[in-house]
Amino acid sequence: MFNNLLIGRYMPGESWVHRLDARTKLVLSIAFIFVIFFANNVAGYVVAAIFTLMAITLTGLGVGVFLRGVRPLLFLMFITTLLQLFFVQTGHVLWHWWIITITTDGVINSIEVFVRFVLIIMFSTILTLTTQPLAVADAMENLLAPLKKVGFPVAELALMLSIALRFVPTLMDEAETIMNAQRARGVEFNEGNIVSRIKAFVPLLIPLFINAIKRAIELGDAMEARGYRGGDHRTKYRVLTWGKQDTVAVIGFIVFAVVLIATRWI
């Protein structure tokens, strides 16, 4: 299950998206999350889906890779969809039983939330799959550089981000190893009701947290032994450069945003 989670994983490549500046991909990923909420009809979501598929195609990784990355998050999306389905009470009543009421607005909102979840996850995954964690951290540090004037610890924030992105795949691999070891001892994670499944994950979390804390202590000791003293006066091995392809990507995104907003009046 955890092997399919793509958040934090980097896949090397020489595609057009791989060659984009990390700042471009970071800004466009954040902008996509805001722009997608302007979609309010079928035409808007079709435009967003087409743009996302075009971006995925330019990565050269294939749509199947991204769909496998969405699969581990289906449970979270399912719960969020149910909340919209059962708690939105406006619109025409389609079905009612006891305290549960399903309305047309609830169905529409749940579908919209599900589609937004899928598109946001797939588009955001493009950033982590095509950009090295250190490049993402450097991009954030560069974009937040003006905040240094007011005393904001930009370098420390970038360091925490790079470490988090670096060790997400490692923690997922450790979780998979622990699950396999417990399965060999007779633990079943996919049987019983939802309460039983949640209880089955408790023995997984304890060793996972212990390993994470142990790894954090070892990393801190290693950084101290190598004389790390924060981000002040540090040079960069990889220098971020803005190229023509970045300008094309920004213009393409602006066109997409304008078309998406225009669909609100269709």
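In terms of heavy atoms, Asn40 sits closest to Arg264 at OD1-CA, 3.5 Å. Taking all atoms of both residues into account, the shortest heavy-atom contact from Ala39 to Leu260 is CB-CD1, 3.8 Å. The shortest non-hydrogen separation linking Leu28 to Ala249 is CD1-O, 4.0 Å. Between Lys25 and Leu20, the shortest heavy-atom contact is CE-O, 3.5 Å. Here the closest non-hydrogen pair linking Ala22 and Ala135 is CB-O, 3.5 Å. The shortest heavy-atom contact between Thr241 and Asp21 is O-OD2, 2.6 Å.
Checked by atom type and distance alone, the side chain of Asp221 never pairs as donor or acceptor with a backbone atom of Glu218 at under 3.5 Å.
Rounded to the nearest 0.5 Å, atoms OG1 (Thr57) and CH2 (Trp16) are 12.5 Å apart. A distance of 10.0 Å separates CE in Met140 from CE in Met160, rounded to the nearest 0.5 Å. Interatomic distance, CD1 of Ile178 versus CD1 of Ile206, reported as 10.5 Å (0.5 Å rounding). Interatomic distance, OG1 of Thr131 versus CG of Leu127, reported as 4.5 Å (0.5 Å rounding). To the nearest 0.5 Å, atom CZ of residue Arg19 and atom OG1 of residue Thr130 are 11.5 Å apart. To the nearest 0.5 Å, atom CG of residue Asn142 and atom CZ of residue Arg23 are 4.5 Å apart.
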- So Ile126 and Ser29, side-chain contact (heavy atoms from CB on, under 4.5 Å) or not? Walk me through it. CA-CA 8 Å; Ile126 295 175; Ser29 297; 5.9 Å; no

- Could you go step by step and tell me if Leu147 and Leu144 meet the side-chain contact (heavy atoms from CB on, under 4.5 Å) rule? CA-CA 6 Å; Leu147 296 179; Leu144 297 179; 3.9 Å; yes

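Cluster annotation: Ile121 and Val47 are assigned to the same hydrophobic cluster (Ile/Leu/Val/Met/Phe/Trp/Tyr, side-chain heavy-atom contacts under 4.5 Å, transitive). Phe38 and Met122 are assigned to two separate hydrophobic clusters, defined by single-linkage of ILVMFWY side chains at heavy-atom distances under 4.5 Å. By the rule that hydrophobic residues join a cluster once side-chain heavy atoms approach within less than 4.5 Å of another member, Ile254 and Val27 end up as members of separate clusters. With hydrophobic clusters built from ILVMFWY side chains whose heavy atoms lie under 4.5 angstrom apart, Met54 does not share a cluster with Leu61. Note on Ile33 and Phe123: same hydrophobic cluster, where clusters join Ile, Leu, Val, Met, Phe, Trp and Tyr whose side-chain heavy atoms are under 4.5 Å apart, directly or indirectly.
You'll find the side chain of Asn211 stays beyond 4.5 Å of the side chain of Arg215, heavy atoms only. Within the 4.5 Å cutoff, the side chain of Val136 has no heavy atoms near those of the Thr128 side chain. Side-chain contact between Tyr45 and Asn41 is absent, with no heavy atoms from C-beta onward closer than 4.5 Å. For the pair Leu119 and Phe32, the minimum side-chain heavy-atom distance is below 4.5 Å. Side chains of Leu58 and Ser15 form no contact here, defined as non-hydrogen atoms less than 4.5 Å apart. Using a 4.5 Å heavy-atom threshold, the side chains of Val35 and Phe253 count as touching. In this structure the side chain of Val248 never reaches within 4.5 angstrom of the side chain of Ile251, judged on heavy atoms.
Remark: Glu14 CD is loosely packed, at most 12 non-hydrogen atoms of other residues, nucleotides or ligands lying under 6.0 Å away.
Side-chain N/O atoms of Thr24 and Trp242 include no donor and acceptor closer than 3.5 Å.
Taking the centre of each ring, Phe114 and Phe117 stay at or above the 6.0 Å mark.
Ring-plane geometry between Phe256 and Phe51 is classed as parallel, the angle between the planes falling under 30 degrees on a 0 to 90 degree scale with a further cut at 60.
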